Colleague: 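What follows is a single structure, and I will ask about it in a moment.
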Amino acid sequence: MARAKKMAPRDNGAPDYKKNLHPLMAKNYGKWSYHEKLRPGVLVHGAENGDRLYTVRAGSPRTLSVDKVRQICDIADKYCQGHLRFTSRANVEFLLANEADIDPLIKEVNETLGFPVGGTGHSISNIVHTQGWLHCNLPGTDAAGSVKALMDLLYEEFVTDDSLPARVKISASCCQINCGGQADISINLQHHHPPRIKPEGVGVCELPKVVAICPVAAIRPRQDETGKTTLEVVDEKCMYCGACHGQCPTMEIRDAKTDTLSIWLGGKTASTRKGPSFMRLAVWGLPNNTPRWPEVGAAVRKILDVYKQTGRPYERIGEWVDRIGWKRFFELTGFPFTKYHIDDSPLARSTFNTSSHVRL
Amino acid sequence: MGGGFRRVYPENRPDHGGINKDEGLGESGARRPHVASLQQFGGLLESKRVYLHLLVNPYSCAINFAFRYIKRIGWQNQMKGSGMSSENKINTSMIDDLESGPWPSFVKDLKSLATKKPAVGQLLGQLNQSYEDRWNYWQGTVLNVDGYGGGVIARYSELAEKYPDIAQFHTIRIIPPAGWVYSTATLRELCDIWEKHSAGIIQLHGMTGDILLLGSDNKSTFDAAEELMEHGWDLGGSGAALRTLACCVGQARCEMALIDTMAIQTHITNTYISELHRPEFPYKYKFKISGCANDCACAMQRSDMPIIGTWRGPMQIDQAEVGKFVDGHGADFVIDNVITRCPTNCISLKDNQIEVDDDNCVRCMHCINVMHKALKPGKDRGATILIGGKRTLKIGDTMSSVLVPFMKLQTEEDWEKLTDLVERIWEFWGEHALEHERVGEFINRIGLGAFLDGVGLEPHPEMITAPRSNPYIKFEELAPGMLEGESGHDPAVVNEEVESMESTNS
């Protein structure tokens with residue numbers, strides 16, 4: 001039996017989405033019958049009663065000043081009957097009742113906001129990312145800046161919708177917690193040594209929690225010379241994940257000298273075709289080079305070039321590599337295949353080739 | 001600086017300078033972070049102090065305003081690369097590079113904001129320092145609004161001496177309208193409240209789906225939260241709590257949406273608003289709701305409990321539209337991109353007509369995506385409920401897996417079946433999970449069979465891709481004790497509603 005809706009005086013709950021719907025959304029809620037892609041970044045949705053709602057999708061940097069949000073509102077007031085929405089990838093979607101407003105709206109979005117229109121169809125949509133150095137307490141690299149640098153390089157793929165076999169979703173993560181999550185292409189920071197403990201700092205942390213959070217039981221309590229309890233890390237067991245760092249800031253896992261970036265391929269959340277998949281390590285050891293991470297950009301570009309040449313329509317990156325095989329992937333891209341690409345987790349055997357199928 | 005961890009052991013960082021770009025990972029480029037003195041950015045006054053001056057001493061106040069104005073001009077000049085005096089320079093030389101290029105630049109936007117919000121300039125200064133040192137300068141800790149156990153992400157700058165206005169620079173998470181739909185009035189209200197109390201940065205949206213408001217200090221966080229709540233807004237989740245929900249645009253603008261994602265999200269949010277605000281779980285719990293298998297809310301991998309729209313019975317086929325599609329694209333296109341891409345080979349093309357073996361269709365949506373005017377989902381609609389998705393820490397990625405193959409979610413009574421199941425899961429997981437153990441990790445540890453017993457669900461073949469191959473099994477019914485008449489130890493938590501629902505599905 002679900003409990004009755006009961007709110008404490010200030011537990012307001014979610015804002016009422018109905019008050020925020022575009023009038024045509026409210027009128028045709030649940031009564032849509034088709035959609036068409038009019039051009040890159042522009043969609044039309046048709047309702048059963050013949051109403052047509054136009055959507056112009058624009059890429060945003062996600063981190064916005066209140067003034068930029070007001071500029072977005074000004075445009076939506078002028079052309080969109082005062083309504084808009086955002087996508088899960090930080091794109092702004094302007095919703096229009098009138099087809100004639102599309103061109104002037106795009107002009108203002110481009111010129112006033114400086115936002116490109118695109119991200120629909122077989123494009124590279126906006127990169128999902130987290131806070132990085134702008135506002136996180138754990139990152140080894142930046143997010144907003146590296147995303148800006150990479151989207152500058154991938155701009156053409158954002159503003160067109162037919163340059164790729166299928167849509168490509170990219171994520172960026174600043175530590176090995178990987179808040180950016182699974183994606184067709186994911187750029188993740190890697191740590192390369194166990195956390196370095198400053199014994200005096202251990203006192204601010206709850207030691208049993210720090211010990212318990214280690215996935216490989218590499219952290220254990222130890223008495224120091226003065227009899228005080230501190231922690232130690234068994235280096236051979238530690239896999240440099242940084243779980244303890246989130247629990248206790250003294251377990252410093254980051255290292256500006258040694259942290260690197262790696263690129264993972266083939267994550268997919270949709271259950272379309274063979275279903276969702278996890279991403280796999282493709283390229284490792286790229287330098288954390290501020291302010292534009294050119295080595296990462298070059299590697300992503302290389303992957304996309306080969307994908308464009310050999311991918312088939314509607315074949316996401318993971319499905320493409322599944323079909324051509326990782327051997328061919330490494331041949332075509334020129335990235336080295338190393339022993340580090342071979343999984344050594346408890347599930348590793350499920351990734352071995354347990355057949356005589358080989359591409360010779 | 002207030003409240004948080006004191007700066008934790010900078011000495012512990014082994015030469016955390018930076019990587020010399022020319023020499024790869026060599027050590028020669030290592031730099032030490034600079035720590036500037038308070039004087040470098042002294043003189044900036046809090047607005048309330050200025051107000052007090054106005055009351056006490058209008059003359060001194062005027063001088064102070066003039067001083068602030070000069071500071072601001074100095075900042076603007078620095079933005080143009082010609083700082084007025086070395087004293088008030090904020091170095092943004094590295095991130096200035098991110099102002100160029102075709103993609104919109106957050107640096108450019110924030111510099112513009114910095115002309116009226118000095119804290120934002122200091123934020124950029126600290127960010128630039130991070131770019132130079134490849135090091136982070138935020139400490140994180142907890143700050144709670146009265147009556148709430150989460151929703152504020154507190155950050156304290158380690159460079160507060162140099163950048164005093166960002167000594168406390170927090171994020172407030174705010175629950176957005178479902179599907180991230182806004183009227184401009186809604187957004188403007190948010191901007192006005194936030195600008196009044198903070199540095200005025202908004203992120204639309206965070207990875208969980210919250211509206212993120214950046215740039216308040218300890219006091220203004222409370223003031224802003226109070227004013228936001230007076231206007232009907234509410235704080236999002238953080239910590240070991242129900243987290244803010246996310247859903248796709250759903251039936252508001254998509255013909256594919258098989259459930260009312262926005263209504264379900266709002267219902268779950270409001271039903272469990274206390275669990276969202278006051279952490280009482282072993283660890284976080286996330287719902288994401290997608291109207292169909294395309295999963296635009298990224299529920300499968302990003303939520304503990306994905307709710308994915310689906311249907312029973314035959315798919316709808318408009319053969320006239322099929323004919324048009326085949327004529328327009330050619331039969332080869334349909335065979336290459338629709339027929340052969342079906343994961344269960346249940347679709348075929350004969351004489352420009354589509355046939356579907358509906359019993360073998362797994363509702364993956366691919367054919368419907370490609371031929372969306374000719375093919376449509378069936379009419380008997382509901383959702384598949386899954387469990388346990390999360391990213392990699394600590395046991396490796398867990399993909400969500402099927403828990404209830406089909407559940408109707410149209411009426412409030414249907415929703416009650418869902419919330420009933422949710423509460424059984426929370427009770428069992430809350431009772432038996434380790435601290436910091438997500439529900440997917442918990443299932444890995446105890447086994448899906450034991451989990452089903454614990455939450456009172458019958459096993460269903462759709463929960464697996466194949467039965468076990470490992471032969472070492474503890475059959476409760478065949479254990480000597482039970483054969484001799486003992487009652488056994490099965491948890492006997494069975495929900496008859498779910499059972500009957502399952503049987504209608506089969």
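Below, chain A is the first sequence line, B the second, and so on; all start at residue 1. Only a predicted model underlies this, so the values are computations on that prediction, with no experimental measurement involved.
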Colleague: With a 4.5 angstrom heavy-atom cut-off, which part of A/Phe278 approaches chain B: side chain, backbone, both or neither?
Modeller: both

Colleague: Go through the atoms of B/Asp336 and report whether side chain, backbone, both or neither lie under 4.5 Å from a heavy atom of chain A.
Modeller: neither

Colleague: Between B/Ala299 and chain A, with a heavy-atom cut-off of 4.5 Å, which part of the residue counts as in contact: side chain, backbone, both or neither?
Modeller: backbone

Colleague: Let me know if A/Ala90 has heavy atoms under 4.5 Å from chain B in its side chain, its backbone, both or neither.
Modeller: both

Colleague: Against chain A, label B/Leu204 side chain, backbone, both or neither, depending on which of its atoms sit under 4.5 Å from a heavy atom there.
Modeller: both

Colleague: Given that the side chain runs from C-beta out, which part of B/Thr171 has a heavy atom under 4.5 Å from chain A: side chain, backbone, both or neither?
Modeller: both

Colleague: Hey, is A/Cys248 close enough to A/Cys205 that the SGs sit under 2.5 Å?
Modeller: yes

Colleague: So for A/Arg292, is it side chain, backbone, both, or neither that comes closer than 4.5 Å to the heavy atoms of chain B?
Modeller: side chain

Colleague: Go through the atoms of B/Pro306 and report whether side chain, backbone, both or neither lie under 4.5 Å from a heavy atom of chain A.
Modeller: neither

Colleague: Checking heavy atoms, do the side chain of B/Cys298, its backbone, both or neither come under 4.5 Å from chain A?
Modeller: both

Colleague: Please state whether the side chain, the backbone, both or neither of B/Asn128 comes within less than 4.5 Å of a heavy atom of chain A.
Modeller: neither

Colleague: Heavy-atom distance under 4.5 Å to chain B: side chain of A/His45, backbone, both or neither?
Modeller: side chain

Colleague: Relative to chain A, which segment of B/Cys254 carries a heavy atom at a distance below 4.5 Å: side chain, backbone, both, or neither?
Modeller: backbone

Colleague: Between A/His22 and chain B, with a heavy-atom cut-off of 4.5 Å, which part of the residue counts as in contact: side chain, backbone, both or neither?
Modeller: neither

Colleague: At a 4.5 Å cut-off on heavy atoms, which part of B/Phe169 comes close to chain A: side chain, backbone, both, or neither?
Modeller: both

Colleague: Name the region of A/Leu138, side chain, backbone, both or neither, that has any atom closer than 4.5 Å to a heavy atom of chain B.
Modeller: backbone

Colleague: Which bit of A/Glu93 comes within less than 4.5 Å of chain B, counting heavy atoms only: side chain, backbone, both or neither?
Modeller: side chain

Colleague: Would you mind checking which part of A/Gln247 comes under 4.5 Å of any heavy atom in chain B, side chain (CB onward), backbone (N, CA, C, O), both or neither?
Modeller: side chain

Colleague: Checking heavy atoms, do the side chain of B/Glu435, its backbone, both or neither come under 4.5 Å from chain A?
Modeller: side chain

Colleague: Could you tell me which portion of A/Ser171 (side chain, backbone, both or neither) has an atom closer than 4.5 angstrom to a non-hydrogen atom of chain B?
Modeller: neither

Colleague: Among side-chain atoms of B/Lys116 and B/Ser112, is any donor-acceptor pair under 3.5 angstrom?
Modeller: no

Colleague: Is any side-chain N of the basic residue among A/Glu48 and A/Lys31 closer than 4.0 Å to the acidic one's carboxylate O?
Modeller: no

Colleague: Using heavy-atom distances under 4.5 Å, tell me whether B/Arg302 contacts chain A through its side chain, its backbone, both, or neither.
Modeller: side chain

Colleague: Given heavy-atom pairs under 4.5 angstrom as the criterion, report whether the side chain, backbone, both or neither of B/Val249 touches chain A.
Modeller: both

Colleague: Could you look at A/Lys268 and say if it's the side chain, the backbone, both or neither that has a heavy atom under 4.5 Å from chain B?
Modeller: backbone

Colleague: By a 4.5 Å heavy-atom criterion (distance strictly below it), what part of B/Ala252 contacts chain A: side chain, backbone, both, or neither?
Modeller: both

Colleague: Assess the side chains of A/Asp67 and A/Ser65: does a donor N or O sit below 3.5 Å from an acceptor N or O?
Modeller: no

Colleague: Using a distance-only test with no angle check, is there a side-chain donor-acceptor pair under 3.5 angstrom linking B/Arg134 and A/Thr141?
Modeller: no

